[in-house]
Each structure stands twice: as C-alpha cells, then as structure tokens.
Amino acid sequence: MAVDPLTHALAGASIAWAAGGRHHAGRRALLAGAAAGLLPDLDVLIRSAGDPLLAIEHHRGFTHSLVFVPLGGTLAALLTGARRLIVPAILAYLSHALLDAATTYGTQLFWPFSRYRTGLDIISIIDPLFTLLLLCATIAAYRSRPRLVHAALSLTIVWLLLGLIQRERASAAQTQIATTRGHPVTRAAVFPTFANTIVWRSLYLTNGTIHMDRIRVPWLASPSHTPGPSVPLATAPHPDFTRLAWFSDAWTARDPRDPTLIGDARYSLHNDRYAPVWGIRLHPTRW
C-alpha cells in the first residue's frame with residue numbers, strides 16, 4: 001500500500017512548478033511534475049500470478065530508491081517533452097519516495113545498498129486534508145499564484161510535522177500503558193489509522209505476545225486508549241513467511257479464527273479483535 005496516486009500526482013505537479021518549472025514551461029510544468037510524481041509506481045507491474053508475494057517484494061523497491069530518483073525524474077521530463085524541466089521533475093519524483101516513506105508500509109529508500117523499508121508512521125496512506133492542501137497548491141500553480149503555492153506547500157510540511165508530533169505523543173501514551181500493566185516491552189510501534197492522525201493503532205511485544213490497543217491523541221487534550229486483543233507473535237519455518245515478516249517489519253500474528261492465516265498485525269479490520277487485513281495462508285502439510 002502507498003500514498004494514493006492522486007496525492008502523488010498533485011504533489012509532483014505543484015512541487016515541479018514551484019521548483020522553477022513555471023519559469024521554463026509555465027503550466028506545462030504541472031504535467032511534467034505529475035508524471036514524475038506517478039512514475040515510481042510503475043513497479044506495480046512487477047507481479048506474478050504464481051507468486052503473489054512478488055508484488056510486495058518489489059513495490060516500493062528500486063523505483064522508489066534515492067539512487068533511482070535522478071534517472072526517474074529525467075525520464076519523466078523527457079517523456080513529457082520537457083527537457084528544461086529535468087531538475088523540477090527530479091524533485092517531483094523525489095516527493096513520491098519521501099511521501100511513501102512517511103507512511104507505515106515502508107519504502108526501500110536505500111536500495112541497492114539495503115533492503116530496509118523506511119516507514120516513519122506519520123501519515124496515513126489516505127489523508128484527505130493533506131491531499132486537499134496539495135490540490136490547493138496545484139490550482140494556485142495553474143492560476144500562476146506563486147505565493148499561494150508556497151503557502152499551501154508549506155502547510156503540507158506543517159501537517160507532516162504535526163503527524164510526527166502526534167506519533168511521539170501516541171508512543172509516550174503506549175509506554176505508559178505498558179508500564180501500568182507491568183509489561184516489559186521488547187519492541188513497540190504506533191501507526192496512524194485511516195485518514196487521520198488522531199487515532200493510532202498501538203502494538204507492543206512482551207514475552208512473545210503482541211498487545212494491541214487503540215490510542216486516541218486529540219490535538220489539544222490528553223491521550224486516552226481502548227484496550228484491544230493480545231495475540232502470540234507468529235513464526236514459521238517457511239520462505240514465504242520470511243518474506244511476509246520482512247514486509248511487515250516482523251509484526252506477524254495468526255488470525256485467531258483461522259490459525260492457518262498469518263497476517264500483517266499492523267492493521268486489523270476490527271478494533272476489539274484481531275482480523276488481519278491481509279496475510280498468507282500456509283498449508284500445514286507443507287511446512
């Protein structure tokens with residue numbers, strides 16, 4: 001999962017225009033920037049019907065890496081016939097990688113030197129307010145209003161910084177919850193829930209058990225939480241499980257209602273019980 005294509009296109013378009021594209025190509029810079037903002041996701045074409053996990057291994061892979069950014073931005077500029085917009089297009093392309101890295105599912109920013117998935121957990125993959133700010137920036141660019149473009153883009157940065165602050169507040173609340181319960185924490189993480197930075201999903205591991213909570217972090221009030229389920233951390237001696245664990249940052253747990261299904265525990269369809277959004281099913285006789 002990644003930031004939605006509309007948000008990427010708007011970010012790329014407005015950034016390319018603001019980064020000098022307006023001086024060289026005017027509104028055409030919006031097209032080049034939008035193309036650069038969308039181009040990294042062409043890696044979704046890397047897939048196999050016989051190997052469903054191939055897609056998660058390569059999506060947000062090399063096309064999202066910092067090493068690939070100059071090539072990708074240059075390619076976007078050339079494809080749109082805007083050779084003078086190579087630098088703005090490179091910056092637009094970079095915005096895609098950085099925005100995806102701001103979410104939970106992670107981006108291989110440092111490929112080929114590392115397969116580590118950078119995921120900052122400061123914004124949801126869908127955030128209407130963030131997208132609205134980028135839409136305002138793009139409309140202002142189309143109307144050649146640079147001050148409004150810069151103001152809207154500045155507000156997107158403020159919004160991301162607010163997400164960082166909210167994440168730290170949720171993390172502090174999580175530490176307090178675990179301490180109150182007397183749980184020694186092995187590792188922990190908090191994730192923004194769909195379309196907001198107020199409600200956070202909390203996971204922490206203690207003695208082989210993942211404890212899941214829902215933490216509410218109002219902007220101007222103290223955090224509160226709703227206790228959730230606790231499930232054993234899942235492991236399995238199978239190469240496909242290893243791939244799942246790599247993608248999910250080792251937050252893996254079996255579905256209590258279907259033990260053959262091992263899911264990515266970072267998200268659940270329900271708050272009061274663990275119901276993985278996606279996972280893998282390993283046949284008991286094959287591992």
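The model shown is predicted, which means the values in this text are computed figures rather than measured ones.
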Carboxylate-amine/guanidinium proximity below 4.0 Å for R187 and D249: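 Salt bridge between R187 and D249, a charged N being under 4.0 Å from a carboxylate O: yes.
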D213/R181 salt bridge by N-O under 4.0 Å criterion: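 Looking at D213 together with R181, the answer is yes, because their closest N to O distance falls below 4.0 Å.
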Test side chain to side chain contact (heavy atoms under 4.5 Å, CB included) applied to T252 - qualifying residues, sequence neighbours left out: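 With neighbours one apart ignored, the set is L233, A234, F241, L244, A245, S248, I262.
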Is the closest side-chain donor-acceptor distance between [X] and [Y] under 3.5 Å?
X    : Y    : answer
T260 : D258 : yes
D43  : H58  : no
T131 : T7   : yes
H270 : R273 : yes
D4   : H8   : no

Decide whether [X] and [Y] are clustered together by the hydrophobic rule: side chain heavy atoms of Ile, Leu, Val, Met, Phe, Trp, Tyr closer than 4.5 Å, transitively.
X    : Y    : value
L153 : L162 : yes
I280 : L269 : yes
W278 : W251 : yes
F191 : M212 : yes
V185 : I177 : no

Work out which heavy atom in [X] is nearest to a heavy atom in [Y]; give both atom names and the distance.
X    : Y    : value
A173 : I215 : CB-CG2, 4.0 Å
A32  : A82  : CB-CB, 4.4 Å
A253 : A265 : CB-CB, 4.2 Å
T80  : A77  : OG1-O, 3.1 Å
S14  : V149 : O-CG1, 4.2 Å
P112 : V67  : CD-CG2, 4.2 Å

Cation over ring face, R167 and W200, 6.0 Å, 45°: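 Negative - R167 is either too far from the ring of W200 or too far off its axis.
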Cation-pi, W111 ring and R60 (6.0 angstrom, 45 degrees):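 So R60 doesn't make the cation-pi contact.
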Solution key, residues 218-229 side-chain donor-acceptor pairs under 3.5 Å, sequence neighbours excluded:
none

Steps toward side chain to side chain contact (heavy atoms under 4.5 Å, CB included) verdict (L109, H64): CA-CA 6 Å; L109 285 181; H64 290 64; 5.7 Å; no
Neighbour count >12 (heavy atoms, 6.0 Å) for atom CZ, R145: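 Counting other residues, nucleotides and ligands, CZ of R145 stays at 12 neighbours or fewer.
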Heavy atoms of other groups near E168 CD, more than 12 under 6.0 Å: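 It does: E168 CD has more than 12 such atoms within range.
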Any side-chain to backbone donor/acceptor pair from [X] onto [Y]? Under 3.5 Å, distance only.
X    : Y    : result
S268 : A275 : yes
S202 : Q174 : no
D264 : Y267 : no
R28  : G81  : yes
Q108 : S114 : no
Q166 : V217 : yes

Side-chain donor-acceptor distances from residues 117-130 under 3.5 Å, at least two apart:
| from | atom 1 | to | atom 2 | distance (Å) |
| --- | --- | --- | --- | --- |
| R117 | NE | Y105 | O | 3.1 |
| R117 | NH2 | Y105 | O | 3.4 |
| R117 | NH2 | G106 | O | 3.2 |
| D121 | OD1 | T104 | OG1 | 3.0 |
| S124 | OG | I126 | N | 3.3 |
| S124 | OG | I126 | O | 3.1 |
| S124 | OG | A195 | N | 3.1 |
| D127 | OD1 | L129 | N | 3.3 |
| D127 | OD1 | F130 | N | 3.2 |
| D127 | OD1 | W159 | NE1 | 3.4 |
| D127 | OD2 | W159 | NE1 | 3.0 |

To the closest 0.5 Å, what do you measure between [atom1] ([X]) and [atom2] ([Y])?
X    : Y    : atom1 : atom2 : value
L261 : D255 : CG    : CG    : 5.0 Å
I15  : T138 : CD1   : OG1   : 9.0 Å
L10  : L132 : CG    : CG    : 10.0 Å
L45  : R47  : CG    : CZ    : 7.5 Å
L99  : L134 : CG    : CG    : 7.5 Å
T103 : L98  : OG1   : CG    : 11.5 Å

Is the closest side-chain heavy-atom distance between [X] and [Y] below 4.5 Å?
X    : Y    : result
W17  : P146 : yes
L53  : F247 : no
I165 : T197 : no
I139 : R143 : yes

Results of side chain to side chain donor-acceptor pair (under 3.5 Å) for E57 - residues two or more places apart only: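 Testing E57 for side chain to side chain donor-acceptor pair (under 3.5 Å), a comparison that skips the adjacent residues, returns R243.
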Pairs meeting criterion ring pair (Phe, Tyr, Trp, His ring centres under 6.0 Å) with involvement of residues 161-190, two or more places apart: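 The answer is H183-Y204, H183-H211.
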Stepwise side chain to side chain contact (heavy atoms under 4.5 Å, CB included) test for I210 and S230: CA-CA 6 Å; I210 300 175; S230 298; over 6 Å; no
Side chain to side chain contact (heavy atoms under 4.5 Å, CB included) evaluation trace for D41 with H59: CA-CA 7 Å; D41 276 346; H59 183 42; 3.2 Å; yes
Intermediate values then yes/no, side chain to side chain contact (heavy atoms under 4.5 Å, CB included), R266 and R201: CA-CA 8 Å; R266 293 177 294 181; R201 180 167 171 79; 5.6 Å; no
Under the ring pair (Phe, Tyr, Trp, His ring centres under 6.0 Å) test, residues paired with F68 that sit two or more places apart: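 Once residues adjacent in sequence are excluded, the partners of F68 under the ring pair (Phe, Tyr, Trp, His ring centres under 6.0 Å) criterion are F62.
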